[in-house]
Amino acid sequence: MMLVLLGPPGAGKGTQAKRLENLRGLVQLSTGDMLRAAVAAGTELGRKAGAIMQRGELVPDDLVVGLIAERLDAEKDVSGFILDGFPRTIGQAEALDELLQSRGLQVDRTVVIDVDDDALVERITGRFTCASCGEGYHDRFKRPQVDGVCDKCGATEFKRRPDDTEEVVRSRLEAYHAQTKPLIGYYSKQGKVRAVNGMADIEMVQKEIDQALDAA
Ligand code: AP5
């Protein structure tokens, strides 16, 4: 199964991808996570990408396509992938089709998580993660059971993404509407798109995605 999770910043792509990994044994490939790792490691790619990400703009296609190609080749014995945050432009979608075709694969399903722009700003600016295990939290929607202590690993350090300020979120949303939303039409023409209501709670969104994946 090759699943593309499509949706604006903060729609819940990462949240749902993690759940799908556990439920369906698929592997999440998040270009956002890969780029943040490159920035943290101070690689040449990280140096190129960091400033662009901080402005809320998209990193050039060739850089992210290269990252995905490497990971597809590195993880051969898996039952499938969840592409989270990739593709994000028509150029990336075309490059992905070529990459998959040459490996005897194709995109099987595209799930679009729909959320209103105003809700997204609140979701993103309230988000934080455990600095140790990466478990995700939110100031309002998902607080740790004991304040200041990670539910999953017990660590007490948390972090916020530098691009999660309101100003940068607005730029990320602009990039989504201008460059990524056209992908809904691209995959609709191939009959691969199912939309789910991302305004519902996390459990309900998961159920809808599950149904979308099982639908013919
Ligand atoms: P990336 O890391 O991909 O960020 P994004 O697309 O902006 O998405 P987010 O990770 O912010 O949100 P999400 O949809 O995963 O939501 P989440 O589950 O965390 O990209 C960052 C940057 O990297 C880009 O701006 C760009 O510069 C660059 N980049 C990455 N990929 C690229 C590419 N392919 N091409 C070019 N550049 C690229 O949820 C958000 C919050 O809401 C959480 O707190 C969560 O707990 C909460 N939440 C989730 N679901 C619900 C719900 N149903 N109800 C209430 N709260 C919810």
Side-chain angles (χ1 to χ4, degrees), residues 4-21 28-39 45-46 48-69 71 82-93 95-96 111-130 134-144 151 158-181 183 196-209:
V4 172
L5 272 187
L6 208 57
K13 301 180 297 293
T15 302
Q16 297 299 334
K18 294 248 154 23
R19 288 173 166 241
L20 284 168
E21 278 197 312
Q28 174 194 22
L29 297 185
S30 158
T31 40
D33 287 348
M34 293 177 209
L35 290 168
R36 277 184 290 281
V39 171
L45 167 64
K48 282 185 191 156
I52 300 171
M53 294 167 79
Q54 193 47 51
R55 292 196 298 272
E57 295 166 8
L58 295 185
V59 172
D61 288 353
D62 56 328
L63 300 183
V64 284
V65 170
L67 283 174
I68 288 288
R71 287 292 300 275
I82 308 152
L83 297 172
D84 160 9
F86 179 91
R88 247 171 157 107
T89 63
I90 296 286
Q92 290 179 23
L96 175 64
V111 171
V112 182
I113 307 179
D114 283 325
V115 181
D116 300 343
D117 281 6
D118 288 338
L120 295 170
V121 175
E122 186 187 11
R123 278 193 194 179
I124 292 182
T125 52
R127 168 171 63 180
F128 58 100
T129 53
C130 171
E135 181 72 358
Y137 295 97
H138 193 277
D139 290 330
R140 193 167 146 220
F141 305 120
K142 191 187 162 203
R143 298 199 60 83
D151 298 345
F158 294 88
K159 58 181 185 184
R160 292 180 191 256
R161 273 170 46 180
D163 61 342
D164 276 355
T165 61
E166 177 159 357
E167 194 193 349
V168 181
V169 172
R170 299 267 176 215
S171 305
R172 286 159 62 192
L173 278 170
E174 265 178 42
Y176 174 76
H177 287 294
Q179 291 167 275
T180 306
K181 220 171 166 186
L183 290 178
V196 300
N197 173 18
M199 296 294 288
D201 66 34
I202 291 172
E203 296 293 330
M204 187 54 76
V205 177
Q206 181 191 314
K207 278 190 194 138
E208 270 199 56
I209 293 177

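Each ligand, and each atom within it, is numbered from 1 in the order the structure gives.
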Describe, in one word, how the ring planes of F128 and Y137 are oriented to each other, choosing from parallel (under 30°), tilted (30 to 60°) and perpendicular (over 60°). parallel
Can a salt bridge be assigned to the pair E122 and R127 using a cut-off of 4.0 Å between side-chain N and carboxylate O? no
Tell me the residues surrounding ligand 1, counting only those with a heavy atom closer than 4.0 angstrom, sorted by chain and number. P8, P9, G10, A11, G12, K13, G14, T15, T31, G32, L35, R36, M53, E57, L58, V59, V64, G85, F86, R88, Q92, R123, R127, Y137, H138, F141, R161, D163, R172, G198, A200, D201, I202, V205
Check ion pair K207-D201 (N to O, under 4.0 angstrom): no
Between D164 and R172 (salt bridge meaning N to carboxylate O under 4.0 Å), is one present in this structure? yes
Contacts of E208 meeting salt bridge (charged side-chain N to carboxylate O under 4.0 Å, His left out) (sequence neighbours excluded), chain-then-number -> none
Is E135 salt-bridged to K142, cutoff N-O under 4.0 Å? yes
